[in-house]
Peer 1: 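Just dropping this structure here.
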2 protein chains.
Amino acid sequence: MQQPIDLPSHSDEIPSELGGLRLTKQRKVVYGVLLDLRDHPTAQDVFLRAKERMPSISLATVYNCLEALVVHKLVKQVNFDRSPSRYCPNLEEHVHFQDEATGEIHDVIFKKGVKLEDLLDLPQGVEVRELELTLKGLMPSSNQ
Amino acid sequence: MQQPIDLPSHSDEIPSELGGLRLTKQRKVVYGVLLDLRDHPTAQDVFLRAKERMPSISLATVYNCLEALVVHKLVKQVNFDRSPSRYCPNLEEHVHFQDEATGEIHDVIFKKGVKLEDLLDLPQGVEVRELELTLKGLMPSSNQ
DNA sequence: GAAGGAATTGGAATGATTCCAAGTCCACTC
DNA sequence: GAGTGGACTTGGAATCATTCCAATTCCTTC
Ligand SMILES: [Mn+2]
Ligand SMILES: [Mn+2]
Ligand SMILES: [Zn+2]
Ligand SMILES: [Zn+2]
């Protein structure tokens with residue numbers, strides 16, 4: 001059960017790939033789920049939502065699709081401690097804040113012009129390839 | 001098999017507690033393992049090293065001790081993605097850098113005077129309770 | 001030195017994720 | 001427009017770090 005794009009292949013209006021990723025029906029459903037409600041769902045959450053759109057989809061496929069989307073950098077995998085991974089389609093550089101009152105995860109962006117070197121005492125010459133910053137705390141409103 | 005401190009209880013020179021944590025033989029062994037080689041070992045690593053000092057210690061106890069040390073803030077639990085947690089006895093505020101060439105994890109401290117608010121566009125009034133920052137990349141020396 | 005509560009222990013259970021082998025599907029070729 | 005090959009999907013089993021549990025062992029206190 002694999003179907004890359006539902007358009008005539010001679011069309012060049014809609015890509016059958018996205019960032020080098022072949023867009024199968026299942027991958028489109030999974031990606032669509034993430035784009036439609038950007039609440040940082042777990043794989044299980046995505047699975048339940050995807051099933052509404054494609055009842056035949058399997059959990060294994062959801063994991064496969066999420067993995068493919070992450071590898072191709074269309075989606076970020078977000079980890080808070082060792083709880084189930086969450087998935088985020090926001091491609092802007094950003095970090096994650098979890099409201100301890102509601103459990104909700106919010107995107108937070110860096111201020112303009114901030115550089116890592118200004119922040120951290122990194123050893124001379126290190127090349128930072130990946131950065132993950134997670135925050136927990138309370139939002140003003142959730143503060144009763 | 002639980003033994004808080006090996007000193008007469010009337011002595012007040014060495015605490016039988018540390019940060020409110022009862023120091024049993026096992027907890028001292030586990031904490032000692034972390035202090036002696038600060039290479040951010042996993043629970044499994046700690047277990048193997050602890051067994052050299054106390055062959056009877058169990059993995060469950062190592063997990064229990066690490067948990068207790070973390071709750072009492074004598075040790076930080078460090079997570080890189082979903083790999084096994086690592087443990088760090090460095091109480092200074094710091095973040096973690098993993099050298100992708102060697103796998104080694106290094107402590108990195110913030111520059112003096114850096115404030116989160118200077119860095120991030122946090123919504124007005126949020127109270128940040130926890131911050132975890134992990135980096136991956138290459139050290140200059142490991143660069144060939 | 002008995003009692004009670006906390007800590008330790010071995011082993012079973014958990015649960016997110018990964019693995020696997022079988023079945024599908026599709027893009028391409030002839 | 002059938003045939004092929006390779007990628008993708010799927011259900012179920014396996015993995016494995018971590019947690020749970022019930023029994024036992026240890027202090028600490030009375
Ligand atoms: Mn964390
Ligand atoms: Mn990470
Ligand atoms: Zn996000
Ligand atoms: Zn550290």
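Please read these numbers as outputs of a predicted model, since none were measured by experiment. Every chain is numbered from 1, with letters handed out A, B, ... down the list of sequences.
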Peer 1: Could you tell me whether the phosphate oxygens of C:dT8, OP1 or OP2, come under 4.0 Å of any side-chain nitrogen or oxygen in B:Thr61?
Peer 2: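 So the side chain of B:Thr61 is outside the cut-off, no N or O lying under 4.0 Å from OP1 or OP2 of C:dT8.
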Peer 1: Can you tell if the side chain of A:Arg53 reaches within under 4.5 Å of the side chain of A:Val33, non-hydrogen atoms only?
Peer 2: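 When only atoms from C-beta onward are counted, A:Val33 and A:Arg53 do touch, with a gap below 4.5 Å.
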Peer 1: Side chains of B:Glu130 and A:Gln98, heavy atoms from C-beta outward: is any pair under 4.5 Å?
Peer 2: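 Of all side-chain heavy-atom pairs linking A:Gln98 with B:Glu130, none is under 4.5 Å.
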Peer 1: Between protein and nucleotides 12-20 of chain D, map the contacts as a letter string: B base, S sugar-phosphate only, - none, heavy atoms under 4.0 Å, written 5' to 3'.
Peer 2: -----SBB-
Peer 1: Restricting to non-hydrogen atoms, name the atom on A:Ile57 and the atom on A:Phe47 that form the minimum distance, rounded to 0.1 Å.
Peer 2: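 Minimum heavy-atom separation between A:Ile57 and A:Phe47: O-CE1, 3.4 Å.
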Peer 1: Let me check the geometry of the helix from C:dG1-D:dC30 to C:dC30-D:dG1. What is the bend angle between the axes at its two ends, five pairs each, to 10°?
Peer 2: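 The two end axes of the helix from C:dG1-D:dC30 to C:dC30-D:dG1 meet at 20°.
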Peer 1: Run the side-chain contact (heavy atoms from CB on, under 4.5 Å) test against A:Asp39 and tell me which residues pass, sequence neighbours left out.
Peer 2: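 Testing A:Asp39 for side-chain contact (heavy atoms from CB on, under 4.5 Å), a comparison that skips the adjacent residues, returns A:Leu37, A:Pro41, A:Arg49.
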Peer 1: Would you please confirm or rule out a distance under 4.0 Å between OP1 or OP2 of C:dC25 and any side-chain N or O of A:Gln26?
Peer 2: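 A:Gln26 to C:dC25 OP1/OP2: no side-chain N or O under 4.0 Å.
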Peer 1: Can you find a heavy atom in the side chain of A:Val30 that is under 4.5 Å from one in the side chain of A:Val75?
Peer 2: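 A:Val30 does not reach A:Val75 side chain to side chain.
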Peer 1: Among C:dT9, D:dT28, D:dC8, which is the nearest nucleotide to the side chain of A:Arg27?
Peer 2: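 Of all the options, the side chain of A:Arg27 is nearest to D:dC8.
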Peer 1: Write down the distance between NE2 (B:His72) and P (C:dA6), rounded to a whole number of angstrom.
Peer 2: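 For the pair B:His72 NE2 and C:dA6 P, the rounded distance is 13 Å.
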Peer 1: C:dT17 P sits how many Å from B:Asp81 CG, rounded?
Peer 2: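 So the CG-P distance, B:Asp81 to C:dT17, works out to 12 Å.
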Peer 1: Do the side-chain N and O atoms of B:Asp45 and B:Thr42 include a donor-acceptor pair separated by under 3.5 angstrom?
Peer 2: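 Short answer, yes.
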Peer 1: Between D:dC8, D:dT10, C:dT8, which nucleotide gets closest to the side-chain atoms of A:Thr24?
Peer 2: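 Of D:dC8, D:dT10, C:dT8, D:dC8 is nearest to the side chain of A:Thr24.
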Peer 1: Without decimals, in angstroms, what is the distance between A:Leu66 CG and D:dC8 C1'?
Peer 2: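 One finds 15 Å between C1' of D:dC8 and CG of A:Leu66, rounded.
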Peer 1: Rounded to whole Å, how long is the line connecting atom CD1 of A:Ile57 with atom P of C:dT24?
Peer 2: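 Roughly 17 Å, once rounded to whole Å.
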Peer 1: I need the CG-P distance between A:Asp45 and C:dT17, as an integer number of Å.
Peer 2: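 Answer to the nearest Å: 11 Å.
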Peer 1: Could you tell me how far apart B:Leu21 (CG) and C:dA6 (C1') are, to the nearest whole angstrom?
Peer 2: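 Interatomic distance, CG of B:Leu21 to C1' of C:dA6: 12 Å.
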Peer 1: Taking only residues two or more places apart in sequence, or in another chain, which ones meet A:Tyr63 in a side-chain contact (heavy atoms from CB on, under 4.5 Å)?
Peer 2: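 For A:Tyr63 the side-chain contact (heavy atoms from CB on, under 4.5 Å) partners, ignoring immediate neighbours, are A:Ala43, A:Leu59.
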Peer 1: Quick one: A:Phe47 CZ to C:dT17 P, roughly how many Å, whole number?
Peer 2: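 It works out to 14 Å between those atoms.
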Peer 1: Side-chain donor-acceptor pairs under 3.5 Å in residues 105-113 of chain B, sequence neighbours left out?
Peer 2:
| residue | atom | partner | partner atom | Å |
| --- | --- | --- | --- | --- |
| B:Asp107 | OD1 | B:His40 | NE2 | 2.8 |
| B:Asp107 | OD1 | B:His94 | NE2 | 3.1 |
| B:Asp107 | OD1 | B:His96 | NE2 | 3.1 |
| B:Asp107 | OD2 | B:Asn90 | ND2 | 2.9 |
| B:Lys111 | NZ | A:Glu117 | O | 3.1 |

Peer 1: Sequence neighbours excluded, which residues qualify as side-chain contact (heavy atoms from CB on, under 4.5 Å) partners of A:Val128?
Peer 2: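 Counting only residues at least two positions away or on another chain, A:Val128 forms a side-chain contact (heavy atoms from CB on, under 4.5 Å) with A:Leu116, A:Leu122, B:Phe97, B:Leu135.
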Peer 1: What is the distance, to the nearest angstrom, from the NZ atom on A:Lys25 to the P atom on D:dC8?
Peer 2: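 About 16 Å, once rounded to whole Å.
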